[in-house]
There are 2 protein chains.
Amino acid sequence: MKKNHPLPMYYQIEEFLKREISEGTFQAGDMIPSERELSERFQVSRMTVRQAVSNMVNDGILYREKGRGTFVAEKKIEQPLKGLTSFTEDMKLRGMTSATRLLSFDVMQAPQDIASKLKLEEGEVYAVKRIRFADRQAMAVETSFLPVSLLPDLTEDIVQGSMYEYMEHVLDLTISHARQEIEARAADENEGTELQIEAGAPVLHIERCSYLDNGIPFEVVKSTYRADRYKFISDIVR
Amino acid sequence: MKKNHPLPMYYQIEEFLKREISEGTFQAGDMIPSERELSERFQVSRMTVRQAVSNMVNDGILYREKGRGTFVAEKKIEQPLKGLTSFTEDMKLRGMTSATRLLSFDVMQAPQDIASKLKLEEGEVYAVKRIRFADRQAMAVETSFLPVSLLPDLTEDIVQGSMYEYMEHVLDLTISHARQEIEARAADENEGTELQIEAGAPVLHIERCSYLDNGIPFEVVKSTYRADRYKFISDIVR
DNA sequence: CCCTTATAGTTGTCTATACCAGTTTAAATT
DNA sequence: AATTTAAACTGGTATAGACAACTATAAGGG
């Protein structure tokens, strides 16, 4: 425990508690040391301990009972199959190598439906069209629409790499959630050519609108996946 | 603002802020008064104001930017689109009337893939095949497999009604979560006849394995939806 | 033996203050 | 006028206490 600068004390206490839980020192249902005890052990004020514990309660790792103590919660459902992922992350999870070919990168006036989904009165969007490859085979064709106002300095280079990475670590934006619509379609001529399948073959069409933690929508993606190679998997809770 | 007993001060401050937001005094993107200003206005310490604001930040109503201020978030997505629903519930949410026609109700030795997904060494399952209608039109054909061991007294009558209702309220089982695989296919002859579409038309095929809160799988459902009438919608978080 | 009553331990709420780090604005300087 | 600097904000972290509300346990009285 470093008392001075490096990391906030409450954060170090969180890490200590999480380590003890993962190592089994504190098991599900066990009471952890009381706030006063922890504050004495780490030589910090009780409010600081409370901040650490409160964060973990919010994360569902601990729960408090007034007058009794603070306890370790049952471990949550196996990591709910990380929900919102980029194509690159998704393929990695499936153990496949991914690649991308940029078809076009334009700035345009937002089409009606896109503007409404991105809540833009009027405004320009980037339109990024890419073909996604998995294990060297065309898997999907994908068009992303992003507001220029949010990402003023987007370049082709960034788009070629991991855009989520760029947004989260360079621009310091936090990606929060998305709503997705999935339907089956027959491939049209264009999609057929791009995905090297016959027109009329079934494809999986996914339209996703993603949001930042402040609730602002930042991306609409329309993807078309080859149905013979791609299966969409998700976990849901009741 | 009552200074003494009735409700905690931080709670009253939360209510004040929520009211101002819902009345439009503070709109999405607006900065709310600073913590120091609020603490002076309500004659409480800044830490108390922080507790109110922190709760609302955790709820996604507000967001903080260090050095700048605290702001009202865009109003969140309408109800997080209840995840795991039955066909009946799903159609109701979409504002459609639903109906079901039972095609067959059998007890059989579990097929290989079903047995493995239900974690049955060997054992019998109910196989329930149904056509689902929405607004009087065929929407999907669906086959459910359920272990006889878990639902020894399942009857045709129950299956005709709401099975989730029966499980949760009669058998007192708690349905917890499910994993779903979604893919696009071309309808085969059978599906075409049952759904009144041409063979080869695109359909959405969904396979779902559902679990109780104790982790035991209790149902595998294979559904085929008409692509021209059904779109699968889900919310996901990062 | 059962029931009541202290008592000690827990979280819940709150105070008044302090300093830090980042952002914006206004003043001072060039 | 443009640039730099300083001041005045903002939220982030932390202290050292205090009393209230609730729970479990141990002591005492019937």
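First the proteins, then the strands, lettered A, B, ... as listed; each starts at 1. Values below: all heavy atoms of this structure, side chains included; hydrogens, waters and symmetry mates excluded.
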If you count heavy atoms of other groups shown closer than 6.0 angstrom to OH of A/Tyr63, is the number above 12?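 Yes, the 6.0 Å shell around OH holds more than 12 heavy atoms from other groups.
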For residues 46-53 of chain A, run the donor-acceptor check on the side chains, cut-off 3.5 Å, and write out each pair with its distance to 0.1 Å, sequence neighbours left out.
residue : atom : partner : partner atom : Å
A/Arg46 : NE   : A/Glu35 : OE1          : 2.8
A/Arg46 : NH2  : A/Glu35 : OE1          : 3.0
A/Thr48 : OG1  : A/Ser45 : OG           : 3.3
A/Arg50 : NH1  : A/Glu35 : OE1          : 3.3
A/Arg50 : NH1  : A/Glu35 : OE2          : 3.0

Rounded distance in Å - [atom1] ([X]) to [atom2] ([N]):
X       : N      : atom1 : atom2 : result
A/Ile13 : D/dA14 : CD1   : C1'   : 11 Å
A/Met56 : C/dT11 : CE    : P     : 14 Å
B/Glu14 : C/dC14 : CD    : P     : 11 Å
B/Glu40 : C/dT15 : CD    : C1'   : 15 Å

Is the shortest side-chain N/O distance from A/Ser45 to OP1 or OP2 of D/dT15 below 4.0 Å?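 Yes.
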Taking only residues two or more places apart in sequence or in another chain, which ones pass side chain to side chain contact (heavy atoms under 4.5 Å, CB included) with A/Asp157?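 Partners of A/Asp157 under the side chain to side chain contact (heavy atoms under 4.5 Å, CB included) test: A/Thr155.
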Just grab all the ring pair (Phe, Tyr, Trp, His ring centres under 6.0 Å) pairs involving residues 95-141 of chain A, residues at least two apart or on different chains. A/Phe105-A/Tyr126
Across all chains, not counting sequence neighbours, the salt bridge (charged side-chain N to carboxylate O under 4.0 Å, His left out) partners of A/Arg101 are none
Readout for nucleotides 6-13 of chain D: B = base within 4.0 Å of protein heavy atom, S = sugar-phosphate only, - = neither; 5' to 3' it is ----BBBB
Sorted by first residue and then second, give each salt bridge (Lys or Arg N to Asp or Glu O under 4.0 Å) pair with at least one member in residues 108-119 of chain A; sequence neighbours left out.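 Every salt bridge (Lys or Arg N to Asp or Glu O under 4.0 Å) pair that includes a residue of residues 108-119 of chain A, provided the two are not neighbours, is A/Asp113-A/Lys222, A/Lys117-A/Glu207.
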